[in-house]
Amino acid sequence: MPELPDVEVFKQYVESTALHKKMDAVEIRSKDMLKNVSGREIKKALEGHQFVSADRHGKYLFLKTENTTWLVLHFGMTGFVTYFKDPTKEPAHNRLLIRFSNGYHLAYDCQRKLGEITLTEDPGLFAEERQLGLDALKPGFNLDRFKHILKNTASAVKSALMNQKYIAGIGNIYSDEILFQAGIHPDTKSKELNDDEIARLYNQAESVLKAAIEAHADPSRFPASFIMPHRRGDRTCLKCKGGIEKTKTGGRSAYYCPRCQERI
DNA sequence: ACATTGACCTGAGAGC
DNA sequence: TGCTCTCAGGTCAATG
């Protein structure tokens, strides 16, 4: 779930549910998910306060309290947030539970514990410290920047797209989708791409991510042209009706259509 | 300095 | 059914 579009949807979800409500109690369910922070510090930063706004950089979600501290959430491969009233609705792998004074709860669930919970005083500084590149959908990220990145790395284009130091937000699923829409093979060396191919990738990165957000990052609502819902199951490319292949690129599984995404 | 690999953690699903 | 094996939408430290 949690690549840029998913986290953007989480952000919008929190904005529409959990802002401006007093937090009565915070329960840390998995201490091992806290990074550079103690449970006591988290509780102190949140209890008695309220969230007033949310922000996102790449795959990180930031929730600001009125006392200037931000709660930082990263979702690993399996994380999500959910807002609910009925205590029996608490998700199975809840790692952080916030009880609001209105009787509702916000849970951060992360089955595989590959995510992270921490605090920051400044999301911009946090992104710098973590050496995150520019967010793929935020101002500052442009074609020139993108071209510069791709021309200056020795890695496969899929790996470059997924490298959070270069561009923040794109992961395994959406890199496959962007490459498919641009008609480029995942193993193509970034350096070997020509200007036209780079422009296609750049434009597709933007439209794929935006379309996914539009569809609430819900695969069942994705545009029919997306390859993603066909990675498993029928494994059929909608463009050419041929079979979708699977390979390994940079240690991650990559799905692609060998006819529509010819290796250069 | 940069790119690639393995480790981290847990559970679901496939195959026997 | 129960066991084993593989894989999973991420990142970091160790390695080349």
Side-chain angles (χ1 to χ4, degrees), chain A residues 1-11 29-36 56-61 72-81 91-96 108-118 126-133 135-137 148-181 186-192 205 208-209 211-213 215-222 226-233 235 244-256:
Chain A
M1 285 192 338
E3 298 181 37
L4 188 154
D6 312 273
V7 179
E8 178 62 28
V9 170
F10 296 158
K11 172 181 173 261
R29 299 294 178 82
S30 294
K31 251 192 172 151
D32 49 343
M33 296 209 58
L34 304 182
K35 189 162 176 180
N36 305 327
R56 182 189 60 70
H57 187 114
K59 304 173 187 174
Y60 287 86
L61 177 64
V72 184
L73 296 176
H74 187 278
F75 299 91
M77 290 172 87
T78 54
F80 63 92
V81 284
H93 314 284
N94 188 12
R95 309 304 183 193
L96 178 73
Y108 162 81
D109 185 289
C110 193
Q111 183 202 115
R112 287 176 66 190
K113 296 186 175 178
L114 296 174
E116 168 187 349
I117 302 167
T118 191
F126 178 89
E128 242 176 76
E129 284 166 4
R130 293 298 170 89
Q131 297 185 63
L132 296 177
D135 183 275
L137 283 186
H148 181 80
I149 289 165
L150 295 181
K151 295 279 189 196
N152 287 284
T153 178
S155 59
V157 60
K158 179 175 169 70
S159 302
L161 289 174
M162 290 175 60
N163 190 328
Q164 302 302 298
K165 287 181 179 155
Y166 299 160
I167 310 159
I170 299 169
N172 200 33
I173 286 288
Y174 288 102
S175 60
D176 275 3
E177 191 63 56
I178 291 162
L179 288 162
F180 174 71
Q181 297 299 337
D187 288 335
T188 310
K189 296 290 179 198
S190 299
K191 279 186 168 142
E192 292 167 11
V208 163
L209 295 173
I213 292 167
H216 294 88
D218 174 357
S220 69
R221 298 169 69 172
F222 282 174
F226 270 33
I227 191 178
M228 197 265 243
H230 306 279
R231 306 169 103 225
R232 306 275 160 75
R235 299 277 294 260
I244 290 169
E245 302 269 321
K246 183 185 178 185
T247 183
K248 260 211 159 51
T249 303
R252 309 298 301 279
S253 55
Y255 293 83
Y256 69 103

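All values reported here derive from a predicted model rather than from experimental measurement. Just so it is clear: chains get the letters A, B, ... in the order the sequence lines come, proteins before strands, and each one is counted from 1.
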_Reading DNA chain B in the 5' to 3' direction, which nucleotide is the first one with an atom under 4.0 Å from a heavy atom of chain A, and which is the last?_
B:dA3 to B:dG11
_Using a heavy-atom cut-off of 4.0 Å across all strands, would you classify A:G251 as base, sugar-phosphate, or nothing?_
nothing
*Given the P atoms of C:dC12 and B:dG11, what is the spacing between them in whole Å?*
23 Å
*Secondary-structure stems for DNA chain C, with pairs counted as Watson-Crick or G-U when both distances are under 3.5 Å and runs at least 3 long*: B:2-8 with C:10-16, B:10-16 with C:2-8
*Is the closest side-chain heavy-atom distance between A:L4 and A:R56 below 4.5 Å?*
yes
*Between C:dG10, C:dC12, C:dG9, spot the one nearest the side chain of A:L114, thanks.*
C:dG10
*Within-4.5 Å side-chain heavy-atom neighbours: A:I117 and A:L73*: yes
*Any donor-acceptor pair under 3.5 Å from A:S190 side chain to A:S155 backbone*: yes
*asked:* When you measure from the side chain of A:E116 to the backbone of A:H74, do you find a donor-acceptor pair of N or O atoms at a distance under 3.5 Å?
replied: no
*Side-chain contact test, heavy atoms from C-beta onward, threshold under 4.5 Å: evaluate it for A:I227 versus A:Y256 and give yes or no.*
no
*Atom OH of A:Y166 to atom C1' of C:dG10: distance rounded to whole Å?*
17 Å
*Mind checking the P distance from B:dA12 to C:dT11? Whole angstroms is fine.*
23 Å
*asked:* Once you measure the plane-to-plane angle for A:F126 and A:Y60, does it fall in the parallel (<30°), tilted (30-60°) or perpendicular (>60°) bin?
replied: perpendicular
*In whole Å, what separates the P atom of C:dG9 from that of B:dA14?*
16 Å
*In whole angstrom, what separates A:R130's CZ from C:dT11's P?*
11 Å
*asked:* Categorize A:S159 for me: base, sugar-phosphate, or nothing, with a 4.0 angstrom heavy-atom threshold over every strand shown.
replied: nothing
*asked:* Please report the distance, rounded to the nearest Å, between CD1 in A:I167 and P in C:dG10.
replied: 14 Å
_Separation of C:dT11 P from A:Q131 CD (nearest whole Å)_ = 14 Å
*How long is the line joining CE of A:M162 and P of C:dT11, in whole Å?*
8 Å
*Are A:Y108 and A:F75 near enough that their ring centres are under 6.0 Å apart?*
yes
*Spacing of A:E3 atom CD relative to C:dT11 atom C1', expressed in whole Å*: 13 Å
*asked:* So A:F80, base contact, sugar-phosphate only, or nothing? Heavy-atom distance under 4.0 Å.
replied: nothing
Got a list of protein N/O to nucleotides 5-8 of chain C N/O distances below 3.5 Å?
unit_1	atom_1	unit_2	atom_2	d
C:dA8	OP1	A:S253	OG	3.0
C:dA8	N3	A:R112	NH1	3.2

*Minimum heavy-atom separation for A:M77 to A:L114, with atom names?*
SD-CD1, 4.0 Å
*Tell me: CG of A:L4 to C1' of C:dT11, nearest whole Å?*
17 Å
*asked:* Nearest 0.5 Å, please: how far is CD1 in A:I213 from CG in A:L137?
replied: 5.0 Å
*How close or far is atom P of C:dC12 from atom CG of A:N36, stated in whole angstroms?*
11 Å
*Distance test, side-chain N/O of A:K35 to OP1/OP2 of C:dT11, below 4.0 Å*: no
*Would you indicate whether A:H216, at its atom NE2, is surrounded by more than 12 heavy atoms from other residues, nucleotides or ligands within a distance under 6.0 Å?*
no
_At 4.0 Å (heavy atoms only), tell me whether A:E116 reaches a base, stays on the sugar-phosphate, or touches nothing._
nothing
*Can you tell me how far the NE2 atom of A:H93 sits from the CZ atom of A:R29, to the nearest 0.5 Å?*
13.5 Å
_Whether A:K158 and A:D176 form a salt bridge (side-chain N of Lys/Arg under 4.0 Å from carboxylate O of Asp/Glu) is what I want to check._
yes
*C:dG10 phosphate, OP1 or OP2: any side-chain N/O from A:H74 under 4.0 angstrom?*
no
_Measuring from atom NZ of A:K246 to atom CZ of A:R235, what distance do you get when rounded to the nearest 0.5 angstrom?_
7.0 Å
